[in-house]
Amino acid sequence: MRVYLDNAATTPIRPEVLECYIDTLKLIGNPSSVHSSGQQVRQVLEEARESLAKSLDCDRSEVLFTSGGTESDNLAIKGIYWQRKAEEANRNIVISAGTEHHGVIDPIEWLETHEGAEVVLVPVNFDGELDLAWLENYLAEHHSKVALISLMWANNETGVVTDIKAITTMANSFNIPVHTDAVAAFGHLPTSFKDSGLAAMSISAHKLGGPVGIGALIVSRSTKLVSIIHGGGQERGMRSGTMNAPAAKAFALAGKVAIETLNDERARLADIKQKLVEQARTINPSLTQTALKARTLPNIVHFTLAGGSGDSLLFLLDQEGISVSTGSACQAGVNRPSHVLIAMGRTEDQAKGCLRITLGHESTEADIDALLVALPKAIESTLRAGLSSQ
Ligand SMILES: Cc1ncc(COP(=O)(O)O)c(C=O)c1O
């Protein structure tokens, strides 16, 4: 049996979600059709919207279904930017951070290259925490030119959690909309949209036991954005394209289970994480926990291996039947050090030696025991290879 410890890349679909997904796929009808078949599917979609809204503590009208986190990030960032520019042409500053997922970084860089945006990055410390005092000073001086802020709720590589409420409190006093990528956070942290003060929030089903290819952008009723996909005018004209009702229903169920079990799961995974972190300390002094002083998610553990390659560690553990990662799956296969660690002040060499262990609803202590058996030898071989290549 393989040991799967890469749940931040994607989680196994929950059995009850799979069953619900397959059952709903059998329904015939386009949710926009007026006949009864279509309306039956429309009802499934709207019930899913209602249920997801409950899990997120928002209004059902604030849920826009998308194809996933990347699309939601693009819609929020480009959509809010264009809306703000249309209202006030001088607002071209987009504030974000170097530790964001590429789903956020790339649309922002695109706006910089093609739409005259000025990108401003909040400084990040060695532990991956944002310098919020810097942000406060920056906003005090430049707020009249800021179009939007996009800062993630929790980091998918290091697990570092951001104080979203502190950011929205600062930004909302200047009427600056804040978008957050909550793909890593939703289902792993309490994420009440109503209490957050956010303008928009991206989430994705496959990070919490739902299917790949469905996500949502939660948009507050007071936030306006320009659509980036044009066509049939579905999802209040914000996201054209036939809605995927079966996937929406499966997503809503995965979200419901994740929220209902949130406290117990957080405690269970925190115990497993604690065991891993304590044991890892005894393996080799070159292996250290990243973001040690920061508040992190209970399901993500990130290590740095000084003088070793994360890619070879991944390969050696894979041979032992253990799936781990070095960072974001979106960059897998690309032999580049993690931009997240670089933004946290690591050198390219330091950033190449990383190992990310991420837990999910199926993870057990036995998975960590298996990792702890294989890890010392894998580290030793990786370090030896590193020395011989010098
Ligand atoms: C923080 C974060 N944002 C966005 C995404 C992209 O989500 P999706 O795969 O649903 O497009 C991911 C996926 O790895 C992620 O971890």
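Both ligands and their constituent atoms are indexed starting at 1 by order of listing.
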> Cation-pi between Arg91 and Tyr81: NZ/CZ under 6.0 Å from ring centre and within 45° of the ring axis?
Replying inline: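 Output no; distance or angle outside limits.
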I need the atoms of ligand 1 closer than 4.0 Å to a non-hydrogen atom of [X], numbered in the order shown.
X: Gly68; result: 10 (O)
X: Asn156; result: 1 (C), 16 (O)
X: Met152; result: 1 (C)

> Side chain, backbone, both or neither: which part of Thr70 comes within less than 4.0 Å of ligand 1 when only heavy atoms are counted?
Replying inline: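 Both of them.
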>> Any nitrogen or oxygen of Glu71 lying under 3.5 Å from a nitrogen or oxygen in ligand 1? Just yes or no.
In response: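 Not met; the criterion fails.
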>> Checking the N or O distance criterion of under 3.5 Å, is ligand 1 in contact with Gly69?
In response: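 Such a contact does occur with ligand 1.
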> Is there a side-chain contact (heavy atoms from CB on, under 4.5 Å) between Ile149 and Met170 once you walk through the steps?
Replying inline: CA-CA 11 Å; Ile149 296 175; Met170 282 178 216; over 6 Å; no
> Are Glu62 and Arg221 close enough that some pair of their side-chain heavy atoms sits under 4.5 Å apart?
Replying inline: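 With C-beta onward as the side chain, the pair touches.
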> Is a side-chain donor-acceptor pair under 3.5 Å present for Ser67 with Glu71?
Replying inline: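 Their side chains do contain a donor-acceptor pair, which is all the 3.5 Å distance test asks for.
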> Taking atom types as modelled and ignoring hydrogens, do the side chains of Gln43 and Gln39 form a donor-acceptor contact shorter than 3.5 angstrom?
Replying inline: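 Looking only at side-chain atoms, Gln39 and Gln43 do not form any donor-acceptor pair under 3.5 Å.
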> Does ligand 1 have any atom that is closer than 4.0 Å to a heavy atom of Glu100?
Replying inline: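 In this structure, Glu100 fails to qualify as a contact of ligand 1 - no heavy atom is under 4.0 Å.
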